Amino acid sequence: MTAPAPGSERRIALIAVGPREYTAVELDGEDREVERTPLAAEQFAGWVSSVEAADGPRWIIRSAGEVYATLLRDGVRLGRSHDLVLCHAILRDTASVASPLAPSAAWERREPMTAAPSLFDVFDDDSGDDAVDGALEQYRAQRRVLSASADGRLTLLCAAESAGGLIAEEMRIAGLPWDEGVHDAILTATLGTRPVAGGLPSHMVELGDRVRALLDDQTLHLDSQPKLLRALHRVGVNAESTSRWELSEHDHPVIEPLLAYKKLSRLLSANGWTWLSEWVRDGRFRPVYIPGGVVTGRWASAGGGALQLPRSLRPAVRADPGWTLVVADVAQLEPRMLAAMSSDEAMARAARGSDLYAGVVDSGAVATREEAKYAVLGAMYGATTGDSGRLVPRLRQVYPRAMALVDAAARTGEDGGIVSTWLGRSSPRPSAEWMRLQSEATDADADPAVVALARRRARDWGRFTRNFVVQGTAAEWSLIWLAEIRHRLQQIPEVFTVAEASGPFARVPHLAFFLHDEVILHVPQEHAEAAAAAVRDAAAVATTRLFGSFPIDVPLDLRIAESAAK
DNA sequence: ATTGTGTGCGCG
DNA sequence: AAAGCGCGCACACAAT
């Protein structure tokens, strides 16, 4: 990000050619090879570090997971990169340019490594000069696609995505500061006394006994959905499922303790003591982030359920002594993106200030904030029935441009077409199965059931493409926000207090957590205000990068606190 | 014994 | 049992 003018920045490919053995290739302005430097394991980190300090080049890498984790363990941080795997995923088959990148299996993302890599896992295809030549060839192909797209949006997207690749590795190394004592106290207060060997915590035992007594079955296994359902039917609760939503509709004394039991059961199995011992080490939760892991460009995660941490555990996120957290999130990011993408000035006016839903009420479209929320979500998700679906047409009156954008995206999807985000990430093609069903349904003598099914599937896909453009653009805003935060944090000097942690982030403010539209920074107390300013400035820059001078507010809810609890 | 599928629920 | 998008994970149970 904040790249020098194209051509003026130094670019060096850093390619693995063996176990911890690399080749660096310097390129000139026309992507021609200038110099090839073999780097053995013992000189690798030192060489990269000195070049980084001297020039801050853009490092062309296969993927951050491949080279950056190693460097970080040696204390070396990179400024800028071009991540070939992440950019390949964006540029292959993209509908945003006339001649997209040819897909290549060699540049697909590899499964996240769950076990330690063996020699053969990492270097199974190419090694030595073949690997280097292959990488250079892929890079040049990607550059050709980028230079053919005149407006620079894809270039911005690739730069941001690559920065995301670096950030994901950094956050994993740094970790989220996690107070095991606080977590344990929450578990004990909620679930009851921790069982000594096997068994359930005390509150769950009590609730379970109550439920079994009320269902008149002392041996009922509450975790078995079919058995529980049969037991409920026996006492006259004729539910079709055991979901919370449906159970709460029924009136029976068993419902209250059963729902309470389910709530506790969820906490125990998802984030109980087992999770704590498995995922928190030395006061840090270290999830595996997968940038671009969702089709829309959102990040995914693997292991630890990083993106599903229950709000109730947020008090366990606590800064080290002498440090603090900067916690920031955006309210209603997606509808704000929609207003800007569609240049809908009426919707942008409603988005002025911190509560877009209040603005929608003020516009007269709906009567209450609750209705505004359902209407806006329904518009972006494609609701057609229920409270939400009923309210959507009112938005169409007040915000015709915004609605036209999502409606068009839905229509394109229903027709089997491809839609793109603001910066040009394309939606996937519908499956061959989907296409076959659609063409089958157009036959003159098509079975009415097939026609109905095809219609339903078409609408399903239309809702996906409708949401894709908005969710994907929101992901782009967040990615630029992240990259700009990181860039600004790098300007803040390190501290020389004794740190709790070790590693490359022990003395510097750093990103510690990211969740779609929310960040948590872990910073030395003396730099809290500077870090908060970095977060705010970065948000403003992200908005301008995407939408220029179009007047759209993207306000942050930001606080500096010892704990991430609300 | 492992692998796949359905259910339910946490997050945005 | 959600209506209305995108995920990951645990558990039970069926299939292999």
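In what follows, every chain begins at residue 1, and chains take the letters A, B, ... in the order their sequences are listed. Just so it is clear, the model here is predicted, and its values are computed rather than measured.
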A:R298 bridged to A:E334 by N-O distance under 4.0 Å: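 Looking at A:R298 and A:E334, the cut-off is met.
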
SB check A:R545 A:E476 (cutoff 4.0 Å):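 Answer for the salt bridge query: no.
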
Remember a base hit wins even if backbone is also touched, and classify [X] as base, sugar-phosphate or nothing at under 4.0 Å, heavy atoms.
X      : result
A:G382 : sugar-phosphate
A:R466 : nothing
A:Y374 : base
A:L267 : nothing
A:S388 : base

B:dC9 phosphate, OP1 or OP2, under 4.0 Å from A:K262 side-chain N/O: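 Yes, A:K262 has a side-chain N/O under 4.0 Å of OP1/OP2 on B:dC9.
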
A:T384 side-chain N/O to C:dG4 phosphate OP1/OP2 under 4.0 Å: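 Yes.
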
Please report the distance, rounded to the nearest Å, between [atom1] in [X] and [atom2] in [N].
X      : N      : atom1 : atom2 : answer
A:R390 : C:dA3  : CZ    : P     : 17 Å
A:K373 : B:dG12 : NZ    : C1'   : 12 Å
A:N271 : B:dG10 : CG    : P     : 11 Å
A:D329 : B:dC11 : CG    : C1'   : 13 Å
A:F513 : B:dG12 : CZ    : C1'   : 10 Å
A:L259 : B:dG10 : CG    : P     : 11 Å
A:E240 : B:dG8  : CD    : P     : 11 Å
A:R456 : C:dG4  : CZ    : P     : 12 Å

Interatomic distance at P, B:dG6 relative to C:dA1, whole Å: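 Pairwise P distance, B:dG6 against C:dA1, rounds to 13 Å.
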
Nearest-Å distance once atom P is located in both C:dG4 and C:dG8: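 Each nucleotide's P atom is 23 Å from the other's.
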
Is any side-chain heavy atom of [Y] closer than 4.5 Å to one of [X]?
X      : Y      : value
A:L325 : A:P177 : yes
A:W178 : A:L276 : yes
A:E246 : A:E240 : yes

Contact list for DNA chain B against residues 242-255 of chain A - heavy-atom distance below 4.0 Å: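 A:T242, A:S243, A:R244 - these, ordered by number, are the residues of the stretch whose heavy atoms sit under 4.0 Å from the strand.
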
Base paired to C:dG4 (Watson-Crick or G-U; both N/O distances under 3.5 angstrom):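 When the pairing criteria are applied, nothing turns out to pair with C:dG4, so the answer is none.
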
Contact summary for A:E161 and A:L86, nearest pair of heavy atoms: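 The pair with the smallest heavy-atom distance is O-CD1, 3.4 Å.
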
Minimum-distance pair of heavy atoms, taken over all atoms of A:D537 and A:R488: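 Closest pair (atom of A:D537, atom of A:R488, distance): CB-NE, 3.6 Å.
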
Atom OH of A:Y289: over 12 foreign heavy atoms under 6.0 Å: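 More than 12 within 6.0 Å, yes.
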
Heavy-atom neighbours of A:D387 CG exceed 12 at 6.0 Å: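 Incorrect, the count does not exceed 12.
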
Summary of protein contacts for nucleotides 5-15 of chain C, nucleotide by nucleotide, where a base hit scores B, a sugar-phosphate-only hit scores S (4.0 Å, heavy atoms): BBSBSSSSS--

Spacing of CG belonging to A:L453 relative to CD belonging to A:Q438, to within rounding of 0.5 Å: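 One finds 8.5 Å between CG of A:L453 and CD of A:Q438.
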
